[in-house]
Amino acid sequence: MKYAIIIPDGAADEPLNELGGRTPLEAAHTPNMDAIARAGKLGTVRTVPDGFESGSDVATMCLLGYDPAVYHTGRAPLEAAAQQIPLSASDWIFRCNLVTVIDGIMKDHSAGGIPDSDAKRLIHDLANALNLPGFEFYTGVSYRNLLVYRGDAQFDVTTKPPHEIPDEPAGKWLPRGQGSEILRNIIERSRALFAQHEINVARRAAKQNPASQVWLWGQGHAPAMPKFAERFGVGNACMITGVDLLRGLAVLMGWSVEEVEGMTSFHDTNYVGQGKSTAVMLDRYDLVFSHIEAPDEASHQADYKTKIASIEAIDKHVVGPVLEKLKTFPEWRVLVMPDHPTNIATRKHGYAPTLFAMAGSNMESAGARAYSEPAAKAMGLHMEKGHELMEFLLRSRG
Ligand SMILES: [Zn+2]
């Protein structure tokens, strides 16, 4: 059996006045997604359980068959997994942003999108100056670094993502709770060290935001996720994505990660390349998971035209070729679903159930008319526990 899972990130939405009361999925021309909905099962599914923030990390973990209430331990551990950093169960992983705080105000969570080379030098110099036993810094892309703690100290801290507190007093949102004094100390010492660092002198001279300090957040232990093969009996799987959090999930599940040239988070991404690669990988793997970020980014920009264009590009260049390829195998199944809604009206991720369509050999039509939110609601097939959907995809017959 061959399985293809295609995720147009954030494609689900609400009806929009600009579209005459239709959703972007309703307005988009999507013959291939419609064909899947008509040939098989169409329904709704809750991928963001109560008490969780709506985000791709939570929603994707859920739709992959892992209950976030059991397995979601934070954002930093997933990014550490994506970077293949070896982790044991007792290690703590923190996101360590380089940020710009001016006169006590959080001005920029990305320190002006600082280049990798500058970020590496600052983090390297900080690690040397601190020389704290048990703490290891790992540099990533630009401002996105990680701090791993392997030691006996216990943490029970509340932290805040810096992108959620723009123009707010940074001091108000410093880590709080058990163990927070160590973290505050690291932040404080970075401020002293970076103040006159030559990289920041140069950045200020070039009118770029300086990396005035680090900011620690998103902490957690590595999630103890059983491998996908153990859980579902399908071991030979790969993920195609441009997003680090999803790469981390793939690593934790024991999947391969495949890259596509020109893949980005935006509408300029290489749809054609991703469609070709997804189809080709079906020869090599039994399950291929292909994730496209563009509809989500367009929604955050409140750009419904680009959202529709990206949905149409995914339908034509990814879903179409993958469907053709699947039909060359005797047994196959396909699932197309946004991980969560991202609403044009609010520019934020939504909490409503998302929609899914699956079809394949041995699967009968339930009589759906098209791939859209209202059509999915009308079918009356709803899964309240999103982590049960994977079992349904892999095991259901007919
Ligand atoms: Zn998402």
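Please read all numbers here as calculations on a predicted model, not as lab measurements.
Centroid-to-centroid, the aromatic rings of His221 and Trp92 come within less than 6.0 Å.
Residue Lys316 holds its NZ atom at 9.5 Å from CD of Glu312, rounded to the nearest 0.5 Å. Leu78 CG to Met61 CE: the interatomic distance, rounded to the nearest 0.5 Å, is 5.0 Å. In this structure, the separation between CE on Met390 and CD on Glu388 is 12.5 Å, given to the nearest 0.5 Å. To the nearest 0.5 Å, the span separating CE on Met337 from CG on Asp9 amounts to 11.0 Å. Atoms OG1 and CD, on Thr100 and Gln208 in that order, are 10.5 Å from each other to the nearest 0.5 Å. Taken from CD in Gln219 to OG1 in Thr158, the straight-line distance is 8.0 Å, to the nearest 0.5 Å.
Under the 4.5 Å side-chain criterion, counting only non-hydrogen atoms from C-beta, Asp339 is not in contact with Thr354. Between Leu16 and Pro24 there is a side-chain heavy-atom pair separated by less than 4.5 Å. Inter-residue side-chain proximity for Leu381 and Thr44 is flagged as unmet; no heavy-atom pair is nearer than 4.5 Å. Side-chain contact between Leu249 and Met225: present, with at least one pair of heavy atoms (C-beta onward) separated by less than 4.5 Å. At a threshold of 4.5 Å between non-hydrogen side-chain atoms, the residues Asn209 and Tyr143 do not count as touching. With contacts defined as side-chain heavy-atom distances shorter than 4.5 Å, the pair Val214/Phe194 qualifies. Side-chain contact between Tyr271 and Asp315 is absent, with no heavy-atom pair separated by less than 4.5 Å. Counting heavy atoms from C-beta on, the side chains of Ser56 and His340 come closer than 4.5 Å.
Taking all atoms of both residues into account, the shortest heavy-atom contact from Ala76 to Arg95 is CB-N, 3.5 Å. Annotation for Ile114 and Ser142: closest pair O-OG, 2.7 Å, computed over non-hydrogen atoms. Taking both residues in full, the closest heavy atoms of Ser180 and Pro175 are given as CB-O, 3.4 Å, listed atom of the first, atom of the second, then distance. For Met379 against Gly367, the heavy-atom pair with the smallest separation is CE-C, 4.1 Å. Of all non-hydrogen atoms in Met33 and Ile311, the two that sit nearest each other are CE-O, 3.9 Å. In plain terms, the two heavy atoms of Ser299 and Gly10 that are nearest each other are OG-O, 3.8 Å.
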Dump the intermediate steps for salt bridge (charged side-chain N to carboxylate O under 4.0 Å, His left out) on Glu79 and Arg247, then the final yes or no.
CA-CA 8 Å; Glu79 294 182 359; Arg247 277 192 205 105; over 6 Å; no
Checking side-chain hydrogen bond (donor to acceptor under 3.5 Å, both in side chains) for the pair Asp296/His349: CA distance, chi angles, key distance, verdict?
CA-CA 8 Å; Asp296 182 72; His349 294 172; 3.0 Å; yes
Before you tell me yes or no, could you show the steps for Ile123 and Leu98 under side-chain contact (heavy atoms from CB on, under 4.5 Å), namely the whole-Å CA-CA distance, both residues' side-chain angles and the distance that decides it to 0.1 Å?
CA-CA 9 Å; Ile123 293 292; Leu98 288 167; 4.1 Å; yes
The test is side-chain contact (heavy atoms from CB on, under 4.5 Å); show your working for Thr159 and Leu216 and say whether it passes.
CA-CA 7 Å; Thr159 58; Leu216 301 172; 5.7 Å; no
Go through it in stages, so that I can follow the logic: the residues are Ser290 and Thr278, the test is side-chain hydrogen bond (donor to acceptor under 3.5 Å, both in side chains), and I'd like the CA-CA distance, side-chain angles, deciding distance and then a yes or no.
CA-CA 7 Å; Ser290 197; Thr278 306; 2.8 Å; yes
Dump the intermediate steps for side-chain contact (heavy atoms from CB on, under 4.5 Å) on Gln213 and Val99, then the final yes or no.
CA-CA 6 Å; Gln213 61 179 83; Val99 300; 3.6 Å; yes
Is there a side-chain hydrogen bond (donor to acceptor under 3.5 Å, both in side chains) between Thr306 and His267? Walk through the geometry before answering.
CA-CA 7 Å; Thr306 300; His267 189 45; 5.9 Å; no
What verdict does the side-chain contact (heavy atoms from CB on, under 4.5 Å) test give for Trp255 and Phe289, after you've listed the backbone C-alpha separation in whole Å, the side-chain angles of each residue and the deciding distance to 0.1 Å?
CA-CA 10 Å; Trp255 289 11; Phe289 186 105; 3.5 Å; yes
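Transitive grouping of hydrophobic side chains (ILVMFWY, heavy atoms separated by less than 4.5 Å) brings Val234 and Ile7 into a common cluster. Residues Phe356 and Met363 are members of one and the same hydrophobic cluster, defined by side-chain heavy-atom contacts under 4.5 angstrom among Ile, Leu, Val, Met, Phe, Trp and Tyr. When hydrophobic clusters are built by joining Ile, Leu, Val, Met, Phe, Trp and Tyr residues whose side-chain heavy atoms come closer than 4.5 Å, directly or via intermediates, Tyr71 is grouped together with Met239. There is a path of hydrophobic side-chain contacts, each under 4.5 Å, that joins Ile182 to Val157. Hydrophobic clustering keeps Leu252 apart from Leu146 (ILVMFWY residues linked when any side-chain heavy atoms are closer than 4.5 Å, directly or through intermediates).
Salt bridge status for Glu18 with Lys305: absent, with no side-chain N to carboxylate O gap under 4.0 Å. The residues Arg284 and Glu258 are annotated as salt-bridged, a charged nitrogen and a carboxylate oxygen being separated by less than 4.0 angstrom. A salt bridge links Asp91 with Arg150: the closest approach of a Lys/Arg side-chain nitrogen to an acidic carboxylate oxygen falls below 4.0 angstrom. Contact check on Asp118 versus Arg203 returns a salt bridge, with a Lys/Arg side-chain nitrogen under 4.0 Å from an Asp/Glu carboxylate oxygen. Salt-bridge annotation for Lys307 and Asp13: present, with a side-chain N of the basic residue lying under 4.0 Å from a carboxylate O of the acidic one. Salt bridge Lys2/Glu331: absent, no basic N to carboxylate O contact under 4.0 Å. In this structure, Asp283 pairs ionically with Lys325, as a charged nitrogen and a carboxylate oxygen lie closer than 4.0 Å.
Applying the ring pair (Phe, Tyr, Trp, His ring centres under 6.0 Å) criterion to Phe94, with sequence neighbours excluded, gives Phe155. The side chain to side chain donor-acceptor pair (under 3.5 Å) test applied to Arg191 returns Glu188, not counting sequence neighbours.
Glu53 CD: 12 or fewer foreign heavy atoms inside a 6.0 Å radius. Enclosure of atom CG in Asp268 by more than 12 non-hydrogen atoms of other residues, nucleotides or ligands within 6.0 angstrom is indicated. More than 12 heavy atoms of other residues, nucleotides or ligands sit less than 6.0 Å from atom NZ of Lys120. With a 6.0 Å radius and a threshold of 12 heavy atoms from other residues, nucleotides or ligands, Arg204 has its CZ atom above the threshold. Annotation: Gln178, atom CD; neighbour count of heavy atoms from other residues, nucleotides and ligands within 6.0 Å is above 12.
Between the side chains of Thr23 and Glu373, at least one donor N or O lies within less than 3.5 Å of an accepting N or O.
Residue pairs meeting the side chain to side chain donor-acceptor pair (under 3.5 Å) criterion with at least one partner in residues 124-134, sequence neighbours excluded, are Asp125-His197.
Aromatic ring pairs are classed by plane angle as parallel below 30°, tilted from 30° to 60° and perpendicular above 60°; the pair Phe228 and Tyr66 is tilted. Aromatic ring pairs are classed by plane angle as parallel below 30°, tilted from 30° to 60° and perpendicular above 60°; the pair Trp217 and His163 is perpendicular.
No option in Val322, Ile314, Ile292 other than Ile292 meets the side-chain contact (heavy atoms from CB on, under 4.5 Å) test with Gln274.
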